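Model, not experiment: these values are computed from the prediction. Basis for what follows: all heavy atoms, side chains included, without hydrogens, waters or symmetry-related copies.
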Amino acid sequence: MIGLHSIENLGEVELDALKELGNIGVGKAATSLSQMLGKLVEMSVPKAMVVKIQDLHKVIDVEEMVAGVVTGLDDVENGQAGFLYITFPEPSSQRLAEILLGDSSDEEMVNSTLMEIGNILSSAFCDATAEMLEITLIPTPPSFGRDFAIAVIDAIIAQLAEKSDYVVVFETKLEVSEEELEILVMLIPNERFVNYVFQMLEMVE
């Protein structure tokens with residue numbers, strides 16, 4: 001049985017299951033984005049990992065300035081489950097805006113576009129996660145901002161009713177107009193939701 005004490009030491013099978021969860025989510029999002037933009041958008045999750053919050057700096061640049069979309073996750077039966085945090089590193093966010101808008105000088109339009117992409121990603125991840133865990137999750141209205149990644153994560157942790165020490169990180173690639181951009185999708189679950197995830201992983205052993 002997988003326990004919280006071994007959460008950082010997942011085997012290849014469990015990590016593949018997490019990656020599959022991510023790929024289902026971004027696959028749904030890519031379809032929606034393609035329809036919205038009228039051009040082919042492909043997305044994939046080459047890597048997924050579970051990281052202790054205090055070790056996040058080992059896998060992501062927590063001091064990097066990012067454009068980010070935060071969406072709360074509510075479990076219909078048990079209340080707050082956690083948050084999804086979609087981050088667009090600054091170089092990627094500007095380039096994505098240029099590709100999609102043809103111009104990245106209108107900051108309000110750029111922010112609106114990134115928020116819509118983050119909203120689509122969040123909804124798709126929410127649906128995929130709920131389906132795999134066989135629970136009902138409802139995303140809350142998203143919020144958008146630009147800040148250091150760690151500042152947003154700290155703020156999210158402070159809002160969790162049931163604390164968790166872990167973040168599920170999905171390294172995501174978005175391909176559009178023959179360009180490849182990186183996005184990070186971070187699931188920051190409360191303790192109860194962590195247990196849901198690990199119950200799912202136990203089933204794939």
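- A heavy-atom distance below 4.5 Å is found between the side chains of Val26 and Phe125.
- The CD atom of Glu116 sits 11.0 Å away from atom CG of Leu114, with the distance rounded to the nearest 0.5 Å.
- Taken to the nearest 0.5 Å, the CG atom of Leu187 stands 14.5 Å off from the OH atom of Tyr166.
- If you take CG on Leu84 and CD1 on Ile156, they are separated by 9.0 Å, rounding to the nearest 0.5 Å.
- Summarising the local packing, CD of Glu179 is surrounded by more than 12 heavy atoms from other residues, nucleotides or ligands at distances under 6.0 Å.
- One distance of note links CZ of Phe170 with CG of Leu121; it measures 11.5 Å at 0.5 Å rounding.
- Contact of the Val66 side chain with the Asp147 side chain is not registered, since no non-hydrogen atoms from C-beta on lie closer than 4.5 Å.
- Atom CD of Gln54 has more than 12 heavy atoms from other residues, nucleotides or ligands within 6.0 Å.
- To the nearest 0.5 angstrom, Met115 atom CE is 7.5 Å from Thr71 atom OG1.
- To the nearest 0.5 Å, the span separating OG on Ser44 from CG on Asn23 amounts to 6.5 Å.
- Between Val41 and Ser34, the shortest heavy-atom distance links the atoms N-OG, 2.9 Å.
- When all heavy atoms of Ile120 and Ala29 are compared, the pair lying nearest together is CG2-O, 3.8 Å.
- Considering Val168, Val51, Thr87 as possible partners of Met186, the one that fulfils the side chain to side chain contact (heavy atoms under 4.5 Å, CB included) test is Thr87.
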